[in-house]
Engineer: 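My questions all concern the structure below.
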Amino acid sequence: MDYKNTLNLPVEVIPMKANLVEKEPKILKQWESSKIYDKIRKNRDGAPKYVLHDGPPYANGSIHIGTALNKVLKDIVVRYKTMRGYDSPYIPGWDTHGLPIEHKVALDLGDKIKSMQRMDIRKMCADYAKKYVDVQREQFKRLGIFGEWDKPYLTMDKSYESAIYEVFADAVEKGMVYRENKPVMWCTVDHTALAEAEVEYKDETSRSIYVKFKFKDDPHKFIIIWTTTPWTLPANRAVALNPAVDYSWVKIDGERWLMAKALVSSVMTKAGIQNYEITGEAKGSTFELQKLLEPLYGNGVPVVMADYVETETGTGAVHTAPGHGEEDYMTGKKYGLEIFSPVDDYGNYVPDLPKYGGLSIKKAEEIIIKDLKNAGMLVAEENFSHPYPHCWRCHKPLIFRATEQWFISVDKNDLRKKTLKAIEEDVKWIPSWGENRIHSMIETRPDWCISRQRDWGMPIPAFRCKKCGKVIMDADVIRHVAKIVKREGGDAWYKYEAKELLPPGYKCQECGGDEFEKLYDVMDVWIDSGSSFEAVLKPRGLYPAALYLEGTDQHRGWFHSSLLLGMIRDNRPPYDNVLTHGFIRDENDQKMSKSLGNVIDPLDIIKKFGADVLRLWVSSTEYKNDVRISTGIIEKQVDAYRKVRNVLRFVFGNLADFDPQKDKVDNLIEIDRYALELLNELVKNVTQYYDDFDFHKVYHAVFDFITIDMSAFYLDILKDRLYAEGKNSHDRRSAQTVLYEIGMSLLKILAPMIPFTTEEIYTTIPFKKFESIHLENWPEVRESDNFILEKWSKIRNVRDVVLKALEEERQNGHIGHPLEAEVDIKADGELFKVLKSVEPDLANVMIVSSVSIVEGEDLDVKVKHAHGQKCERCWKYSETVGQDKAYPTLCSRCAKVIREEDF
């Protein structure tokens with residue numbers, strides 16, 4: 001008789017080969033055709049809500065590994081919260097206005113764009129955005145992201161655009177919006193103002209120069225100024241000293257130079273001057289409003305006081321151009337200086353500027369330095385490295401340039417103060433350092449420059465009276481325009497004349513005039529996306545959001561703008577929790593770059609390995625810091641995925657004949673009870689990890705469980721019981737009862753992370769309760785039985801000693817398979833009692849043929865060859881082999897099973 005056929009071997013319920021690349025698209029189609037997402041939402045109708053609000057990515061290209069990381073993290077949260085019993089809708093959205101999209105369109109059009117009408121450019125931008133909304137939608141769906149993909153929000157939707165104006169009208173009504181000629185960061189490549197959120201700081205090497213400014217009343221006296229922007233000298237309107245700093249008079253060749261006392265030695269060294277004499281000292285305040293002659297044109301300029309002038313570098317005196325710097329501007333306002341900025345949109349001096357008109361500022365800088373040298377006014381020059389603002393889109397250095405722009409005041413109505421308090425008291429920041437990051441950004445930020453000189457965006461609804469020139473910014477007018485926009489969209493601004501956009505009979509409050517013209521600045525796109533709480537959450541009854549989850553750069557972006565607009569609109573943040581993830585880097589901790597050739601495309605990973613492998617990588621990362629990825633790292637996740645799949649194959653392969661309704665047993669064998677306790681500890685821990693958004697801890701806890709607790713311990717021990725015991729025996733059903741709990745719990749725990757695989761397995765097993773694993777509820781957590789956990793921890797420690805002794809005997813050639821062995825264990829009183837209480841099961845636990853226990857002082861293990869003969873069916877050695885005449889090659893246990901099963 002072939003006794004192999006009498007064993008209860010596993011059935012291949014789950015194929016060994018995953019074939020994710022082929023299977024996942026089929027599962028996606030099944031989800032779509034059966035409307036699983038809608039069923040999930042219906043299943044949670046009336047449940048408490050948990051709203052993760054999706055920050056909109058730009059619709060300007062295919063997804064990259066960073067957007068894949070972001071979307072998978074969000075999906076894990078939403079799936080988990082849904083299984084925990086929450087109604088957790090996911091409404092994906094896209095940022096469809098702004099420079100990123102207009103920039104792409106402009107590149108495609110080239111010079112042709114210069115002759116095009118605004119409406120035509122806007123139409124092309126809208127079409128471009130729609131194209132990539134559709135592209136990204138399918139790519140996100142392929143990642144397995146559940147959501148309302150047929151009803152996403154777009155910032156160019158008419159209803160959304162109208163909501164932007166409603167938020168903006170509030171800011172205007174509260175007196176927080178103003179227009180002023182002041183310096184802003186300006187991109188000479190994209191020809192627009194930028195806000196702080198659109199700026200990246202990179203090290204830049206500038207030409208720094210030391211220049212003589214002559215005192216008007218004494219041609220032999222000079223203040224030595226220092227500047228890192230020589231090109232701004234034509235706009236000079238003053239020299240600033242620190243009133244509290246001590247300044248020295250330095251005599252050099254019949255001239256007297258004034259500079260900070262602490263910097264005399266440094267300046268002299270840089271100027272190459274060895275012979276000099278300090279002839280006097282005075283506080284900076286002594287020189288306030290004294291007249292100087294600036295060196296390029298000979299114009300008279302005052303000495304002004306400024307606390308920001310420092311003595312770490314330079315001379316303690318700085319050239320002041322109110323049209324080209326934030327601090328210079330504030331000083332200019334204080335002293336009534338001209339806000340002069342003779343530079344155009346392209347970074348060229350205006351044509352009528354004496355000497356340098358029409359030149360680019362870069363080219364003119366060389367000429368300016370040469371002119372200063374020829375005039376004997378250049379003391380020294382050197383290269384100076386410092387962090388400098390660059391455009392986040394074109395990555396070119398910015399300039400500070402005064403232009404007429406719209407601003408939101410961050411101090412009006414105590415907005416800054418209230419926002420800082422809300423950051424501290426009303427929001428949980430994860431990781432906690434996020435609080436300090438955004439707190440310092442709000443604390444130090446200037447007023448928000450909200451206007452852009454572009455075509456693709458929401459027009460700022462401002463008018464100018466043709467009669468008196470007053471610029472009209474009126475909340476009631478904005479709300480009136482909002483109604484038109486809700487009906488026709490933002491293009492209405494360009495489609496209609498001013499009188500058609502204004503309320504009937506509207507007159508200028510300044511002069512009573514009734515003829516107006518439209519202004520054409522557009523809004524900063526951060527106002528668009530920052531208004532999403534008004535446009536998306538409130539109409540759906542989802543406000544405020546429980547969670548915003550984006551990259552750490554959004555502390556200065558979406559988190560920032562949403563926070564300020566929420567405080568303006570509702571006097572509260574639009575979110576309760578903010579979770580951030582890091583940036584993607586390669587395995588050598590280098591930034592992803594096409595030039596370095598280290599860019600990893602998520603779509604390539606999916607095509608080769610499947611989305612679940614990519615999702616497993618996301619789950620494994622400590623994403624709150626920067627995240628590493630490479631082909632090698634992904635291949636490690638393939639191995640990890642295989643381990644998960646193999647354990648689930650074993651579990652469900654041994655449950656093919658198990659009906660949980662009929663075959664479950666209550667009086668479990670003790671080791672099975674212990675396995676349930678291990679499972680309960682896992683569920684308890686991963687539930688806490690999911691709640692804390694520590695998905696990498698879930699990942700490691702699951703892998704420790706399946707590799708250490710299951711594969712290397714419990715499942716290995718179970719094989720004899722599952723395969724060799726009677727099919728319906730209590731011992732086998734006890735094992736299957738626990739396997740069922742383990743298998744179902746693992747599927748639920750892993751479902752947020754690897755939704756395709758868990759769905760494939762769930763729909764295959766015969767005892768599923770629902771149409772989809774994603775309709776299941778989270779495993780329940782029971783009170784822990786610490787006694788059994790501690791007891792079996794001691795037994796496992798003994799088992800480790802036994803396994804080591806068995807391996808030594810195998811290495812020495814004394815035994816082959818562990819079942820050839822029997823083990824004698826000597827243990828002290830407490831441990832002896834523990835082992836004695838499970839003595840009948842110890843041979844199975846140690847996976848040997850027999851175990852004997854004796855009491856002694858120290859733990860000691862002896863391994864010897866087992867007595868008896870090898871059972872042909874279970875391979876254990878037993879002295880009962882040969883005693884049954886009908887089955888002389890079987891042990892008594894196997895002979896009994898064969899007889900009762902009637903094979």
Side-chain angles (χ1 to χ4, degrees), residues 207-306 308-322 328 331-332 335 337 354-355 365 367-382 384:
R207 295 280 295 276
S208 72
I209 59 175
Y210 297 73
V211 181
K212 295 157 67 174
F213 273 60
K214 186 185 299 182
F215 277 86
K216 188 176 182 180
D217 61 359
D218 188 338
H220 301 291
K221 291 168 57 179
F222 301 85
I223 290 180
I224 310 303
I225 69 97
W226 177 70
T227 180
T228 59
T229 55
W231 65 267
T232 62
L233 282 169
N236 177 274
R237 290 298 181 266
V239 167
L241 305 182
N242 189 318
V245 166
D246 291 322
Y247 288 82
S248 293
W249 284 107
V250 183
K251 185 177 180 181
I252 302 161
D253 294 334
E255 294 182 350
R256 288 204 296 162
W257 297 358
L258 187 73
M259 63 193 75
K261 178 181 178 181
L263 292 166
V264 171
S265 177
S266 169
V267 174
M268 294 299 103
T269 300
K270 293 178 190 301
I273 297 173
Q274 296 180 345
N275 298 317
Y276 61 90
E277 179 187 355
I278 297 176
T279 61
E281 285 183 16
K283 289 288 185 186
S285 56
T286 307
F287 302 94
E288 186 172 20
L289 297 180
Q290 291 192 27
K291 286 291 183 179
L292 306 172
L293 299 177
E294 57 81 23
L296 291 179
Y297 303 115
N299 296 325
V301 296
V303 177
V304 295
M305 300 294 105
Y308 55 77
V309 178
E310 46 91 17
T311 57
E312 296 297 317
T313 54
T315 66
V318 295
H319 133 69
T320 299
D328 291 23
T331 300
Y335 283 93
L337 304 176
K355 294 188 180 182
E365 186 166 86
I367 300 173
I368 289 169
I369 294 173
K370 185 178 178 181
D371 287 349
L372 291 170
K373 187 180 293 185
N374 292 338
M377 292 299 188
L378 185 68
V379 172
E381 62 176 309
E382 63 180 351
F384 180 73

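Small disclaimer: the values here were computed from a predicted structure and weren't measured. Start at 1 with the first residue, then count along the sequence.
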Engineer: Do you know which of Lys270, Lys370, Lys373 makes salt bridge (charged side-chain N to carboxylate O under 4.0 Å, His left out) with Glu381?
Structural biologist: Lys373
Engineer: Could you tell me if the side chain of Arg237 sits less than 4.5 Å from the side chain of Glu294, heavy atoms only?
Structural biologist: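 They are not in contact (no side-chain heavy atoms under 4.5 Å apart), so the answer is no.
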Engineer: Taking all atoms of both residues into account, what is the closest heavy-atom pair of Ala240 and Ala306, and its distance?
Structural biologist: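 Minimum heavy-atom separation between Ala240 and Ala306: CB-CB, 4.0 Å.
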Engineer: In sequence, state the C-alpha distance, the side-chain angles, and the governing distance for Lys261 and Ile278, and then conclude on side-chain contact (heavy atoms from CB on, under 4.5 Å).
Structural biologist: CA-CA 9 Å; Lys261 178 181 178 181; Ile278 297 176; over 6 Å; no
Engineer: Are any of the side-chain nitrogens in Glu365 or Arg207 under 4.0 Å away from the carboxylate oxygens of its partner?
Structural biologist: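 Result for this pair is no, no salt bridge flagged.
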Engineer: Quick check: do Lys355 and Tyr297 have side-chain heavy atoms less than 4.5 Å from each other?
Structural biologist: yes
Engineer: Please check if the side chain of Thr315 supplies one atom and the backbone of Ala317 the other of a donor-acceptor pair under 3.5 Å.
Structural biologist: yes
Engineer: Taking atom CD of Glu382 as the centre, does the number of heavy atoms from other residues, nucleotides or ligands within less than 6.0 Å exceed 12?
Structural biologist: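 Buried by this count: over 12 neighbours within 6.0 Å.
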Engineer: More than 12 non-hydrogen atoms from neighbouring residues, nucleotides or ligands closer than 6.0 Å to CG on Asp217, yes or no?
Structural biologist: yes
Engineer: So, for Val267 and Gly314, which heavy atoms are closest and what is the spacing to 0.1 Å?
Structural biologist: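 Heavy atoms of Val267 and Gly314 come nearest at CG2-O, 3.6 Å.
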Engineer: For the residue pair Thr331 and Tyr308, establish whether any side-chain heavy-atom pair is separated by less than 4.5 Å.
Structural biologist: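 Contact flag for Thr331/Tyr308 side chains = yes.
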Engineer: Below 4.5 Å, heavy atoms only, C-beta onward: do Leu293 and Pro219 meet side chain to side chain?
Structural biologist: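 No, every pair of side-chain atoms sits at 4.5 Å or beyond.
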Engineer: Could you grab the distance from atom CG of Asp371 to atom CG of Leu378, nearest 0.5 Å is fine?
Structural biologist: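 Answer for the CG-CG pair, Asp371 versus Leu378, is 11.0 Å.
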Engineer: What's the spacing between Phe215 CZ and Gln290 CD if we round to 0.5 Å?
Structural biologist: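 Result: 5.0 Å between the selected atoms.
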Engineer: What's the separation between atom CD1 in Ile209 and atom CG in Leu372, rounded to the nearest 0.5 Å?
Structural biologist: 5.5 Å
Engineer: Minimum heavy-atom separation for Leu263 to Thr311, with atom names?
Structural biologist: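 Where Leu263 meets Thr311 most closely, the heavy atoms are CD2-O, 3.4 Å.
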Engineer: Looking at CE of Met377 and CD1 of Ile224, how far apart are the two atoms once the value is rounded to the nearest 0.5 Å?
Structural biologist: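 Taking CE in Met377 and CD1 in Ile224, the distance rounds to 9.0 Å.
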Engineer: Between Glu277 (side chain) and Lys251 (backbone), is there a donor-acceptor pair under 3.5 Å?
Structural biologist: no
Engineer: Taking Trp231's backbone N and O only, do any of them form a donor-acceptor pair with Thr229's side chain (distance below 3.5 Å, no angle check)?
Structural biologist: no
Engineer: Is a donor on one side and an acceptor on the other found under 3.5 Å between the side chain of Tyr335 and the backbone of Leu289?
Structural biologist: no
Engineer: With a 3.5 Å distance limit and no angle check, can you tell me whether Tyr276 reaches the backbone of Val264 through a side-chain donor-acceptor pair?
Structural biologist: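 Not at all, since once roles are kept as given, no pair shorter than 3.5 Å links the two residues.
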Engineer: Would you indicate whether Lys212, at its atom NZ, is surrounded by more than 12 heavy atoms from other residues, nucleotides or ligands within a distance under 6.0 Å?
Structural biologist: yes
Engineer: Distance-only, no hydrogens or angles: does the Asn242 side chain make a donor-acceptor pair with backbone N or O of Glu310 under 3.5 Å?
Structural biologist: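 Not confirmed, Asn242 side chain does not pair with Glu310 backbone.
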Engineer: Any side-chain heavy atom of Leu241 within less than 4.5 Å of one from Met305?
Structural biologist: yes
Engineer: Counting only heavy atoms not in Asp253, do more than 12 fall under 6.0 Å of its CG?
Structural biologist: no
Engineer: Should the heavy atoms of other residues, nucleotides or ligands under 6.0 Å from NZ of Lys221 be counted, would the total exceed 12?
Structural biologist: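 Above 12, so yes.
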Engineer: Could you check whether any side-chain heavy atom of Phe384 comes within less than 4.5 Å of a side-chain heavy atom of Thr227, counting everything from C-beta outward?
Structural biologist: no
Engineer: How far apart are the closest heavy atoms of Ala260 and Gly316, and which atoms are they?
Structural biologist: CB-CA, 3.9 Å
Engineer: Can you label the angle between the Phe287 ring and the Trp249 ring as parallel, tilted or perpendicular, going by 30° and 60°?
Structural biologist: perpendicular
Engineer: Of all the heavy-atom pairs spanning Pro302 and Leu337, show the shortest one and how long it is.
Structural biologist: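 Taking Pro302 first and Leu337 second, the nearest heavy atoms are CG-CD2, 3.9 Å.
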Engineer: Determine whether Phe213 and Asn236 make a side-chain contact, defined as any pair of heavy atoms from C-beta on separated by less than 4.5 Å.
Structural biologist: yes
Engineer: Evaluate the criterion side-chain contact (heavy atoms from CB on, under 4.5 Å) for residue pair Val245 and Lys283; output intermediate values, then yes/no.
Structural biologist: CA-CA 6 Å; Val245 166; Lys283 289 288 185 186; over 6 Å; no
Engineer: Using side-chain heavy atoms (C-beta onward) and a distance below 4.5 Å, is Leu233 in contact with His319?
Structural biologist: yes
Engineer: Going from CG on Leu258 to CD1 on Ile223, what distance comes out if it is rounded to the nearest 0.5 angstrom?
Structural biologist: 5.0 Å
Engineer: Could you check, using the six-membered ring where one of them is a Trp, whether Trp257 and Tyr210 have ring centers closer than 6.0 angstrom?
Structural biologist: no
